[in-house]
Asker: 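There's a structure below that I have some questions on.
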2 protein chains.
Amino acid sequence: MDYKKQLVEFFKDVDERCILGLSIDCVIFGFYDNQLKVLLLRWKESDEWGLPGGFIYKKESVDVAAQRILEERTGIKELFLQQFHTFGKDVRYNRVEISRKLNWPDNSTRLWPDRTVSIGYFALVDVSKVTPTADFLTDEYQWLDVEKLPPLLFDHNHIIEVALKTLRVQLSWQPVGYNLLPEKFTMPELQRLYETILNRSLDPRNFSKKMRALGIIERLEEQRKGGAFKSPYLFRFDKEKYKKALKEGHLAFS
Amino acid sequence: MDYKKQLVEFFKDVDERCILGLSIDCVIFGFYDNQLKVLLLRWKESDEWGLPGGFIYKKESVDVAAQRILEERTGIKELFLQQFHTFGKDVRYNRVEISRKLNWPDNSTRLWPDRTVSIGYFALVDVSKVTPTADFLTDEYQWLDVEKLPPLLFDHNHIIEVALKTLRVQLSWQPVGYNLLPEKFTMPELQRLYETILNRSLDPRNFSKKMRALGIIERLEEQRKGGAFKSPYLFRFDKEKYKKALKEGHLAFS
DNA sequence: TATTGAATATGTAATTAATACATAAAGCTT
DNA sequence: AAGCTTTATGTATTAATTACATATTCAATA
């Protein structure tokens, strides 16, 4: 059975097992090469990219569904995952246009509901711990720079924008980094993460002072060698204190 | 035709005109008697209270539906309205329990979907400008103190808690008051609004200093007479500057 | 092995914001 | 006129934020 026939079966199956007209879209952020990246999937037999997403089983909480979808796509369980907005415009896609873009038969989206409301979640993950896996509809993944995204399927560019905005606001009163950086990292790496998310440069003396004052990281004796310059110290998050700061929220990068 | 028969018609009609399995719940905050109030509706032929809510027409944006529902319930168009969370637990109500509580015939909720996901919006309104109107399912409204709520239908107590938490967080970086107070208000009134939302007392000298420094209110020459004490000055929000502050977010009640 | 270039580590002074705190003034009542 | 109640207001202290420059280390290479 070829892909196009499987598609019909796939959507029939979704209709049977899942809630209709409601989906989840996941904005999975990662950080490397000093850039904030987002995980995107290329849809089969097309050049179109979109966010990982999925549907909610009939007897499954939405939060659980989001977690499941993320685990399916990234292979990791423990991650920062947060619902940030529900996208409910009456027209979020045009079935004819989608069929064309995806090179699907004309009537293949016939079984889709007239509209779909999508609940957006964003996740922060350590790229090195992730093994992205495409789903049935897609066959390639890529981490793309959030600042240089091509036009995506559906309203996914907009969804990413809102996620990013939420992340920026959150950064001003909660710590970020535990889920985005490897276990050990240098102060400049942490600073570049903040600079990337906030999209502006910070003073290294003030940044270091503030971060260390928060009491959520500890400096190790270890240094990272390798560059033709002074070796930076390595740091590590104190998981307990980090979690506490997440809850209480006492940062202020204004 | 009596109410119980109409009920069946009502839900049939909803099924035909609206998206299934998705609803909107509105937490409408108001402020008077120095207390933060929330608008609640009593369901017909019962003593059970719940949030105003409704369903989304098949070709209607979720935001528009929320606005429509609020307008139907309060009669006012221009209000602060914000989506704050989507509630998607797999079990949010028990149909048998609901039937019993509402004194409905046993099978009256038979046509309800197995579960409903609800999108939560909160609104801030000037109580004096509102003419609350009950809907088909309800026949009485009341403004109840958010701190003294009885057990409500469904997960509405939880929804209000989340709304209140959101409002508190928001207060720390955005102004509040334009939609909750009458056009002219005194500084102590504004302070009590803040104290009520934050649930703690503030120093009047510091509060006044800070508020006036924000540049979003102007003091009028007018004073309010009437009490056996020094007449307070009246203030008014500068709508433009208030809107700007809303967008930019520069407050900090920490 | 001495030199150079690149990135890191660090401290202090100045400014701004937040907090703590008490008294005089005005309006109504009696 | 006295008394009660609520409002209006300023200053000193502390804490937080900002601005700013130089010495260090490592690797490459001359």
Asker: Under 4.0 Å between a side-chain nitrogen and a carboxylate oxygen: does that hold for B/Asp47 and B/Arg42?
Answerer: no
Asker: Please tell me if the side chains of A/Phe122 and A/Val38 come closer than 4.5 Å, counting only heavy atoms from C-beta onward.
Answerer: no
Asker: Between B/Lys210 and C/dA18, is there a side-chain N or O to OP1/OP2 distance below 4.0 Å?
Answerer: yes
Asker: Donor-acceptor pair, distance only, cut-off 3.5 Å: does the side chain of B/Arg73 make one with the backbone of B/Thr133?
Answerer: yes
Asker: Rounded to the nearest Å, what distance is computed from the CG atom of residue A/Leu214 to the C1' atom of nucleotide D/dT17?
Answerer: 13 Å
Asker: Expressed in angstrom and rounded to an integer, what is the separation of B/Asn206 atom CG from C/dA22 atom P?
Answerer: 13 Å
Asker: Is it true that A/Arg68 and A/Glu72 make a salt bridge, defined as a side-chain N closer than 4.0 Å to a carboxylate O?
Answerer: yes
Asker: Starting from P on C/dA9, measure out to NZ on A/Lys209 and report it in whole angstrom.
Answerer: 16 Å
Asker: Whole Å only: how far is the CE atom of A/Met211 from the C1' atom of D/dA16?
Answerer: 16 Å
Asker: In terms of ring plane angle, is the pair B/Phe235 and B/Phe185 parallel, tilted or perpendicular, where the classes change at 30° and 60°?
Answerer: parallel
Asker: What integer distance in Å separates B/Phe235:CZ from D/dT7:C1'?
Answerer: 11 Å
Asker: Fit a plane to each ring of A/His158 and A/Phe87, take the angle between them on a 0 to 90° scale, and name the class: parallel (under 30°), tilted (30 to 60°) or perpendicular (over 60°).
Answerer: perpendicular
Asker: Any residue in residues 180-195 of chain A with a heavy atom nearer than 4.0 angstrom to DNA chain D? Just list them by number, or reply none.
Answerer: none
Asker: Between B/Glu161 and B/Lys165 (salt bridge meaning N to carboxylate O under 4.0 Å), is one present in this structure?
Answerer: no
Asker: When you measure from every atom of DNA chain D, which of residues 221-234 of chain A have a heavy atom less than 4.0 Å away?
Answerer: A/Lys225, A/Gly226, A/Gly227, A/Ala228, A/Phe229, A/Lys230, A/Ser231
Asker: Could you check how far CZ of A/Phe207 sits from P of C/dT8, rounded to whole Å?
Answerer: 12 Å
Asker: Does A/Arg212 make a side-chain N or O approach to OP1 or OP2 of C/dT10 shorter than 4.0 Å?
Answerer: yes
Asker: DNA chain D: stems of at least 3 consecutive Watson-Crick or G-U pairs, cut-off 3.5 Å?
Answerer: C:1-30 with D:1-30
Asker: Kindly compute the distance separating CG (A/Asp238) from CG (A/Leu214), expressed to the nearest 0.5 Å.
Answerer: 12.0 Å
Asker: Do you see a donor-acceptor pair shorter than 3.5 Å between the side chains of A/Lys37 and A/Gln35?
Answerer: yes
Asker: Output the rounded distance in Å from CG (A/Asp203) to P (D/dA16).
Answerer: 18 Å
Asker: To the nearest 0.5 Å, how far apart are OG1 in A/Thr138 and NZ in A/Lys44?
Answerer: 7.0 Å
Asker: According to a strict under-4.0 Å criterion, is B/Arg219 in side-chain N/O contact with OP1 or OP2 of D/dT9?
Answerer: yes
Asker: In whole angstroms, how far is the P atom of D/dA19 from the CG atom of A/Leu202?
Answerer: 11 Å
Asker: Would you give the length of the straight line joining atom CG of A/Asp25 to atom CD1 of A/Ile159, rounded to the nearest 0.5 angstrom?
Answerer: 4.5 Å
